[in-house]
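Report on the following structure.
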Amino acid sequence: MENRKERKITARNLDDREFFYGHKGCPGCGGSLAVRLALKVLGEKSFAVLPAGCMSAIGFVFPQMAFSCNAMISTFAGTASMLAGVAAGARALGLEGIHAVGFAGDGGTADIGLQALSGAIDRHDRIIYICYDNEAYMNTGVQKSSLTPTGARTTTSPVGNRLRGAVTPKKQMFEIVAAHGIDYAATASVGHPLDYLRKVEHASRVEGTSYIHVFAPCPVGWGHDSAETIEVAKAAVDCGLLYLAEYTGGGFILNHDPGEFSSIRDYLLGQGRFRHLGEEEIEAIVAQRDSRWQRIRREWRT
Amino acid sequence: MENRKERKITARNLDDREFFYGHKGCPGCGGSLAVRLALKVLGEKSFAVLPAGCMSAIGFVFPQMAFSCNAMISTFAGTASMLAGVAAGARALGLEGIHAVGFAGDGGTADIGLQALSGAIDRHDRIIYICYDNEAYMNTGVQKSSLTPTGARTTTSPVGNRLRGAVTPKKQMFEIVAAHGIDYAATASVGHPLDYLRKVEHASRVEGTSYIHVFAPCPVGWGHDSAETIEVAKAAVDCGLLYLAEYTGGGFILNHDPGEFSSIRDYLLGQGRFRHLGEEEIEAIVAQRDSRWQRIRREWRT
Amino acid sequence: MSHPSRSKAYRPPSRLEDYPTGTVFPAGHLVETSSGWRSKRPVIDTERCINCLVCWLLCPEGVIRKSPDGRLEIDYDYCKGCGICARECHPGVILMKQEGA
Amino acid sequence: MSHPSRSKAYRPPSRLEDYPTGTVFPAGHLVETSSGWRSKRPVIDTERCINCLVCWLLCPEGVIRKSPDGRLEIDYDYCKGCGICARECHPGVILMKQEGA
Amino acid sequence: MAGMNMFLSGNEAVAAAVRLARPQVIAAYPITPQTTVIERLAEMVEDGSLASEYLHVESEHSALSACIGASAVGARTFTASSSQGLLYMAECMHYASGGRFPIVMMNANRSVALPWNIYGDQRDSLSLLDSGWIQAYAEDAQEAFDMLIQAFAVAEHPLVLTPAMVNLDGFALTHTYELVNVPDPSDVDAFLPRFTTANRMDPEHPVSLGFTAGPQHNQAFKQLQHLAMLASGQVIREAEERFGQRFGRSYPGLVETYRCEDAERVIVTLGSVAGTVRPVVDRLRSTGERVGLLRIRYMRPFPDGELRAALAGATSVGVLEKDISFGYEGTVFTNVNSAFARSGASPRNLLNFIGGLGGKDITPTDIENLFARLAAPEGLETVTFI
Amino acid sequence: MAGMNMFLSGNEAVAAAVRLARPQVIAAYPITPQTTVIERLAEMVEDGSLASEYLHVESEHSALSACIGASAVGARTFTASSSQGLLYMAECMHYASGGRFPIVMMNANRSVALPWNIYGDQRDSLSLLDSGWIQAYAEDAQEAFDMLIQAFAVAEHPLVLTPAMVNLDGFALTHTYELVNVPDPSDVDAFLPRFTTANRMDPEHPVSLGFTAGPQHNQAFKQLQHLAMLASGQVIREAEERFGQRFGRSYPGLVETYRCEDAERVIVTLGSVAGTVRPVVDRLRSTGERVGLLRIRYMRPFPDGELRAALAGATSVGVLEKDISFGYEGTVFTNVNSAFARSGASPRNLLNFIGGLGGKDITPTDIENLFARLAAPEGLETVTFI
Amino acid sequence: MVEIRWHGRGGQGAFTAARLLGVASALFEHRHALAFPSFGPERRGAPVLGFTRIDDRKLTDRSMAGACDVVAVLDDTLLEPSVLQGLRPDGLFLVNTSRSVLDIEPPPGVRTVLFDASSLASQYLGRPIANTAMLGALAASSDVIGIDAVIRAVRHEMKGTQREKNADLAKAAFLVLGGVA
Amino acid sequence: MVEIRWHGRGGQGAFTAARLLGVASALFEHRHALAFPSFGPERRGAPVLGFTRIDDRKLTDRSMAGACDVVAVLDDTLLEPSVLQGLRPDGLFLVNTSRSVLDIEPPPGVRTVLFDASSLASQYLGRPIANTAMLGALAASSDVIGIDAVIRAVRHEMKGTQREKNADLAKAAFLVLGGVA
Ligand SMILES: Cc1ncc(C[n+]2csc(CCOP(=O)(O)OP(=O)(O)O)c2C)c(N)n1
Ligand SMILES: Cc1ncc(C[n+]2csc(CCOP(=O)(O)OP(=O)(O)O)c2C)c(N)n1
Ligand code: SF4
Ligand code: SF4
Ligand code: SF4
Ligand code: SF4
Ligand code: SF4
Ligand code: SF4
Ligand SMILES: [Mg+2]
Ligand SMILES: [Mg+2]
């Protein structure tokens with residue numbers, strides 16, 4: 001048996017078993033890949049909780065059950081508190097080796113589920129909370145969430161003469177959970193699967209609350225080809241709109257500095273939701289990225 | 001007429017009118033002082049929203065109405081969203097010069113009201129949200145909130161052989177709202193009234209969301225004499241458990257560095273809620289303060 | 001006037017028709033005092049007062065007033081006797097006197 | 001077995017008594033396939049495959065399997081034809097073929 | 001008919017009505033099957049055809065809280081929700097009605113978890129029948145459109161000042177396209193003047209709102225609230241009258257009867273399933289059977305008098321509803337029964353048919369069977385799941 | 001009587017009962033007048049007399065969500081709330097019952113805002129009557145204690161598996177001290193064995209919980225839920241029987257009748273106000289008036305049969321309740337009336353007395369007046385605010 | 001009353017066809033029409049349905065169960081026997097396919113029309129979005145709707161460059177199938 | 001049934017007195033008792049009430065309105081005429097005061113007992129917490145409760161150093177007022 005403490009996960013040693021299989025997700029769904037991979041790390045003793053959202057909608061339609069581990073849908077607002085209950089119940093009943101893990105969308109995390117998440121972090125509940133970020137309310141048909149990036153077209157942030165997609169910046173969930181003094185937090189991307197797997201593995205060993213924010217493209221909502229999901233997820237990191245980082249023990253760690261960024265323009269215009277953006281708007285996004293990276297490079301460890 | 005943009009507030013030029021008068025608060029209530037002072041700055045065009053909590057309970061008992069400006073009680077969870085509605089309605093109706101201001105307790109802010117607050121910050125709603133922090137659910141009789149500091153005795157964080165008051169650290173609300181990239185945030189104390197008044201005045205001019213976290217001792221819940229409220233509020237700053245700071249334009253500013261801290265021990269043991277603390281427990285609190293100040297002094301501007 | 005004061009004429013509604021439609025009522029409408037809460041009463045020695053206004057600023061009830069002649073007055077209808085003013089007055093010119101004594 | 005597969009024998013309950021008490025049901029219980037969703041079918045040229053497992057790792061459906069002899073197989077009952085495997089296969093040995101063509 | 005005929009879904013009809021009603025503030029949160037309403041509204045705000053503040057809130061509790069806040073400064077407000085969302089704002093529903101804020105809400109009737117299900121039943125709104133909101137149930141998209149416009153007029157009426165909810169069956173109404181006549185804006189403006197109220201923050205005359213009322217006073221506020229809701233019955237009828245005069249579409253008040261005159265057997269129901277009952281009534285009538293349909297258009301205020309009057313001659317009444325109050329019977333049935341009990345005279349047969357839960361289909365054949373069951377004399381279980 | 005006599009408030013009695021029931025997880029959020037329950041429980045956890053996981057949650061929605069999560073792994077769970085808190089968790093209430101999680105909740109009945117008010121009326125729990133929870137109403141602290149213990153036994157019974165709520169009138173019960181017999185822990189353990197269920201996450205046999213069920217299947221789950229709630233009636237009676245044998249205190253099932261045998265006029269009510277009616281009944285009986293009291297102990301499952309049987313001889317029935325469903329009548333009245341309508345025979349007079357809203361006092365004199373009104377023959381308004 | 005059931009995949013416009021047919025009928029032939037989609041947890045790529053009901057009198061019944069008069073299939077990879085469920089014995093089976101023989105066989109009375117709408121659409125639109133072509137085909141092969149109404153509906157609902165192209169496409173499909181306007 | 005109403009300020013223990021009297025009566029004289037506080041938005045320092053009802057038969061009526069047999073006042077700054085509201089004409093008016101004459105005058109039939117409980121309490125406890133002394137006084141000046149029951153109740157409910165001191169204080173008050181145990 002491997003020493004769980006030191007296991008470095010690769011495609012070779014990753015569990016062969018599938019715990020999320022036969023779901024009704026769209027072809028090329030980044031979110032379902034994020035769920036699938038995390039469960040391969042956490043294994044059969046996962047007690048998964050998923051709020052209303054794409055992953056629960058596609059995973060549990062009686063009598064078709066796509067999760068092979070224990071899993072449950074929570075209320076949209078209740079992911080973290082239901083997880084807390086699962087963890088507390090398991091502890092009270094003496095169940096060992098359980099991973100109480102949640103998979104919630106961006107809306108279920110940064111909007112309606114934020115308060116319960118904050119409560120769990122505050123209690124240092126031993127739960128792993130994974131936010132798969134597809135940057136809108138997808139299950140209900142692509143409405144703006146607070147994690148929808150500026151400029152993105154959604155059905156409630158339309159594009160026309162008066163509005164040009166979402167007008168507010170993306171909420172900084174990673175920084176917000178870090179400001180809580182959470183036990184462990186990380187950002188990740190399905191475009192960087194090994195980094196993501198390592199972070200899930202790390203979270204599974206944390207005595208307290210872990211939060212992983214994994215970027216998970218949605219071909220339907222973003223308007224790219226289903227085959228491009230991984231590329232888009234990589235490009236977001238390469239162009240600097242997404243950074244791979246961790247927060248632990250009171251400090252930030254940048255896991256990966258792309259150095260020269262790839263083109264934000266290409267990243268944006270490759271997706272239907274951004275195709276209306278003009279040069280000026282793109283420049284503004286570039287400027288924002290640059291100022292954020294300045295701060296990151298200045299303040300975060302690497 | 002003064003130039004509102006540059007007004008420096010002192011006891012001399014502060015509005016003589018009282019907008020919170022005849023309330024049923026306990027003698028020496030720090031929270032009611034925080035409300036009173038803020039309204040003197042914001043004036044008669046304040047549209048105040050107060051959730052369930054001491055300030056609403058003592059201010060609006062039909063037919064005794066202690067607010068002289070427009071004011072309204074909100075649901076416990078709905079301070080920020082009701083404020084957002086007030087601001088939006090006022091804008092839609094063309095009402096000018098209005099200040100939509102909320103006064104919520106620590107529980108109503110950091111626990112049940114956090115999500116709505118986060119939503120308002122995300123939308124950059126033009127509201128002023130003031131959290132009067134008395135470090136517990138006072139209106140219901142001193143239960144632990146997520147802003148109750150470690151070690152404090154409350155009715156739900158009792159002191160005995162197994163537990164020694166609250167076991168979790170105080171949630172870092174100021175850092176959390178700052179992590180949102182809020183337009184303006186500040187900490188304050190009723191023990192430093194001029195600093196507080198200045199911050200309220202500043203908030204009144206911010207085009208977007210302002211958050212002020214004002215430390216407001218509660219003689220009943222904390223177990224100190226009603227006359228000591230201001231002293232306790234000052235001591236918290238002097239001993240370094242509370243820092244006076246602002247967040248604006250993406251950066252933190254420390255307003256006041258006490259240099260040498262006064263005794264945390266004296267601060268704690270002067271209050272009934274901490275009187276059970278032993279030396280070791282106090283040492284741990286001191287250590288925590290020191291490490292936090294190390295970070296503050298390193299990272300924040302002054 | 002800068003302070004609300006008790007409306008002595010007010011009678012609470014007795015008939016349904018006298019109640020407001022909605023939970024709406026004039027602001028600053030006082031019908032009760034809180035003087036009965038107090039066991040000690042602050043008394044300012046206005047002669048020695050240096051008019052620093054600290055007490056005025058810090059009273060949670062806002063009951064200390066600047067009278068036209070510049071002296072400070074206390075609205076004993078609403079002072080609760082908390083003692084903050086006395087404690088915070090640097091020259092120490094506010095005395096807390098036992099009520100009814 | 002490492003993958004759930006469709007339970008062909010399963011018949012949905014028709015009588016009340018056959019339903020579970022509570023919303024509880026065996027995990028990994030599949031009764032439908034998603035093969036009908038696909039318009040293109042990935043085909044691995046196992047001869048040229050270098051077994052880097054990238055496709056195995058990145059398939060959102062998890063339908064690429066390591067067969068006992070080490071070759072990769074695709075569970076076409078649940079492959080949706082998204083094309084990720086083909087796109088991410090560096091040696092380019094996965095072909096997306098039109099279904100029914 | 002003036003205005004324009006359009007082929008719209010129920011949700012699009014609602015959005016079109018909201019545009020014409022010109023609410024000053026809209027705050028809502030997406031949920032199937034309500035979502036397309038707020039999507040259309042977002043587009044209208046974008047394209048300038050609707051001048052509203054549109055708040056992207058982070059939950060339904062905040063959506064209704066924001067509407068309350070906006071109403072508290074005197075703005076006309078609209079929100080929309082469904083199912084889980086409606087329940088998530090339950091606290092605010094009581095708050096809005098108790099505060100007499102005449103917010104108008106569209107609710108897409110949907111099943112309530114657990115189990116999860118996005119289809120139409122009416123447990124969501126019916127489980128909040130006591131929350132102090134006027135509750136209207138539409139049968140088709142045109143009625144939904146018209147009810148929505150009327151809802152503002154009724155809710156904001158000085159004698160009423162009570163929030164109103166217009167219910168559309170999920171999918172069956174919200175997502176079905178059909179012909180809808182959309183009147184001219186000027187006509188709607190004339191029908192629905194600007195909202196004015198004294199129940200608001202006023203910069204000139206500051207007020208305290210949403211206060212505490214102790215044991216001596218609290219009940220008076222509740223009694224006034226009850227009386228206002230009762231008064232809304234008459235106001236609804238007047239609004240329909242005015243509406244009919246201006247727009248040429250008239251409505252029959254709190255209940256609609258269909259071929260009930262001499263009916264022995266009547267199915268009482270609400271919402272779109274009435275449309276399935278209608279042709280069955282016609283068919284049975286054509287074979288001489290004395291059957292009828294009574295459609296409840298408003299559950300609050302509850303039309304007990306109208307019901308009794310309309311059903312005075314019926315010997316068998318079957319209440320068909322998409323709802324169950326676990327451990328008793330359907331909530332509509334309970335309400336209807338009470339109307340009978342209060343008069344001391346119940347029909348001989350009084351049956352409850354529960355169907356359509358979680359979107360289970362109710363077919364014309366089902367309806368025929370129900371009428372047949374109503375013909376059988378006795379010995380039937382009172383509550384039957386169909 | 002074994003055990004120990006203690007002078008406890010209703011809330012303390014509840015806390016004492018919870019301690020003996022040994023829930024494995026407790027999650028609750030403070031609200032007046034529930035708070036002292038969770039304060040006592042916090043102390044018990046601290047002093048080791050109760051071995052529960054005690055979660056300091058940030059809201060009621062999270063409190064009940066946490067209980068659902070814990071129940072979903074097979075833990076016995078307890079929560080407590082009131083009024084605004086109950087409404088804030090409304091979504092989770094339906095969720096818990098639909099998922100068949102036998103959580104036990106204590107609710108301190110309190111008025112619902114607006115206006116704000118912390119005193120006892122029953123609009124909070126009665127407005128959630130359709131949420132699928134068993135609802136019990138206690139008259140005194142001893143009954144609250146006993147109901148609480150029984151609630152776990154009933155809720156967790158395999159035929160029931162439904163959450164249960166025990167209601168105590170705010171202040172009148174929650175904050176009033178009186179004598180309570182607290183049994184020995186070993187006796188309670190024998191009465192209430194460890195909770196076991198198949199409706200849980202199981203590391204050995206993984207399950208999916210809380211899933212979606214489409215239109216074909218959804219109604220079946222709802223129907224089963226209804227049947228389980230109906231079955232709970234018998235289970236409650238059996239639990240009371242067993243309880244009586246072990247603890248020497250017996251209870252009469254879903255309703256209690258007091259001097260109803262040959263009563264012509266009966267007041268039907270629930271909760272602590274029954275205690276005000278009792279001495280008035282005695283007084284009037286002593287002057288020969290044939291009056292009685294029927295106390296509803298459980299609102300869900302609704303005891304329609306018991307009610308009809310007990311009231312068969314009454315000519316005048318007055319339902320006295322601390323609740324109003326705006327635009328109709330009191331919800332208890334509606335429920336009672338339906339029971340009559342279903343039998344085809346209503347009493348001659350059927351009146352509704354609404355009182356106690358926001359804690360308005362209901363005095364013995366008021367009760368005497370109500371009995372007098374029930375004696376008057378006709379022409380009365382059906383709904384009267386007292 | 002006639003009922004038309006449209007089969008497609010999520011994204012292929014089956015429901016748009018159903019709705020356009022409703023528009024054509026209700027707005028331009030002044031009949032009564034209802035159009036509604038199927039809706040489920042299935043996602044893009046999964047088979048979906050659209051329905052149109054047309055009658056001369058007001059349609060009030062919204063129940064789902066019921067026979068249909070026309071089954072129109074937008075994608076021949078969907079052709080499984082279940083596609084024919086509920087089709088009336090004298091109904092129309094209209095399939096977008098380049099094949100001339102199908103693997104499934106409708107009951108004897110059913111009239112089958114096979115038509116390569118995708119190719120025609122590619123010609124006109126540059127993309128194989130077949131729904132408007134299928135509307136033209138329906139007009140040609142049944143009396144459910146007239147081609148004029150179809151064209152007016154397309155013009156009424158579509159915008160920009162798609163508008164006239166689709167109108168032309170519908171007309172072309174109509175003519176290809178021998179429709180006489 | 002007798003009803004005792006306790007007047008004090010928030011923090012002075014008026015409700016504790018009410019509850020201790022209930023304990024004394026229910027647990028140690030085996031009678032039926034209810035004890036309950038008043039509750040309102042008022043805060044520390046504001047006047048508050050406590051109630052005890054005692055009867056030989058089970059008490060079920062929890063309504064508030066009603067006359068009371070004893071009014072016990074813990075703080076003479078509370079002495080306003082309203083304090084006497086509802087006191088029965090033959091009731092007892094028990095006041096903790098150092099004065100010998102009061103500004104308010106109870107109706108003729110009412111028996112008034114003035115007693116400086118605070119001073120006695122200061123002596124025994126070091127603090128002027130007068131509620132247990134007032135219980136002793138009540139035992140001495142009425143037949144509502146016996147002093148033994150009062151003492152047992154104090155011992156039953158209090159902890160630590162307060163326990164015996166308060167028991168002694170109650171007893172002392174009882175004796176000062178001429179009670180005979
Ligand atoms: C209280 C409540 N409000 C609204 C909904 C409707 N709803 C279900 S899923 C969803 C969107 C989920 O978005 P996100 O969390 O980003 O997950 P995604 O669908 O994108 O995977 C919404 C709005 C709900 N189920 N419950
Ligand atoms: C939904 C809901 N839950 C609980 C309550 C009860 N409640 C009212 S005020 C309060 C405590 C408020 O604490 P905080 O916000 O810190 O303000 P404080 O009373 O300390 O001033 C609580 C728990 C409520 N009113 N609404
Ligand atoms: S809509 Fe997007 S997130 Fe949802 S299942 Fe489809 S691809 Fe995944
Ligand atoms: S309890 Fe504390 S916060 Fe509340 S009114 Fe009293 S002093 Fe102020
Ligand atoms: S004692 Fe307190 S309330 Fe009175 S004047 Fe001084 S500070 Fe104000
Ligand atoms: S604090 Fe003292 S010196 Fe200053 S104004 Fe007040 S009374 Fe005068
Ligand atoms: S096409 Fe998509 S679903 Fe099929 S094997 Fe490749 S990656 Fe997996
Ligand atoms: S990605 Fe290509 S080369 Fe690598 S394992 Fe898969 S098929 Fe083989
Ligand atoms: Mg999302
Ligand atoms: Mg607080």
Side-chain angles (χ1 to χ4, degrees), chain A residues 76-81 106-125 144-150 157 166-183 185 208-209 211 247 249-252 288 291-292 294-296 298-300, chain B residues 76-81 106-125 144-150 157 166-183 185 208-209 211 247 249-252 288 291-292 294-296 298-300:
Chain A
F76 198 23
T79 319
S81 41
D106 47 299
T109 298
D111 291 339
I112 199 169
L114 180 65
Q115 193 157 289
L117 173 59
S118 176
I121 299 173
D122 179 57
R123 285 187 303 270
H124 297 269
D125 288 332
K144 183 198 169 305
S145 81
S146 62
L147 293 185
T148 300
T150 320
S157 58
V167 295
T168 47
K170 188 175 167 82
K171 196 185 271 189
Q172 307 176 132
M173 267 310 295
F174 173 60
E175 283 80 355
I176 290 170
V177 299
H180 278 77
I182 193 173
D183 300 297
T209 312
Y211 174 86
Y247 172 89
F252 290 97
Q288 223 173 40
S291 88
R292 164 166 304 171
Q294 221 176 343
R295 192 169 49 80
I296 289 178
R298 189 177 62 232
E299 295 181 4
W300 296 5
Chain B
F76 198 22
T79 319
S81 40
D106 47 300
T109 298
D111 290 338
I112 199 168
L114 180 65
Q115 193 158 288
L117 173 59
S118 175
I121 299 172
D122 180 58
R123 284 187 304 270
H124 296 269
D125 288 332
K144 183 199 168 305
S145 82
S146 62
L147 292 185
T148 301
T150 320
S157 59
V167 295
T168 48
K170 188 175 167 84
K171 196 185 272 190
Q172 307 177 129
M173 267 310 294
F174 174 60
E175 283 81 355
I176 290 170
V177 300
H180 279 76
I182 193 173
D183 301 298
T209 312
Y211 174 87
Y247 172 89
F252 289 97
Q288 225 174 37
S291 89
R292 164 167 303 171
Q294 218 176 348
R295 193 168 51 76
I296 289 178
R298 191 176 60 232
E299 296 180 4
W300 296 5

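We name chains A, B, ... by the order of the sequence lines, and we start the count at 1 in each one. Here the structure is a predicted model, which is why all the values come from computation and not from measurement.
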Side chain, backbone, both or neither of [X] within contact of chain B (heavy atoms, under 4.5 Å):
X         : answer
His124(A) : side chain
Ile112(A) : both
Asp111(A) : backbone

> What residue, out of Gly251(A), Ser146(A), Ser291(A), has the most heavy-atom pairs lying under 4.5 Å from chain B?
Replying inline: Ser146(A)
Heavy atoms only: give me the nearest [X]-[Y] pair and the separation to one decimal.
X         : Y         : result
Ser118(B) : Leu114(A) : OG-CD2, 3.1 Å
Gln172(A) : His180(B) : NE2-C, 4.1 Å
Asp122(A) : Pro169(B) : OD1-O, 3.8 Å

> For the candidates Lys170(B), Lys171(B), Met173(B), which exhibits the highest count of non-hydrogen atom pairs separated by less than 4.5 Å from chain A?
Replying inline: Lys171(B)
> Pick from Thr168(B), Ile176(B), Val167(B), Val177(B): which one has the most heavy-atom pairs with chain A under 4.5 Å?
Replying inline: Ile176(B)
> For Ala179(B), does its backbone N or O pair with a side-chain atom of Glu175(A) as donor and acceptor, under 3.5 Å?
Replying inline: no
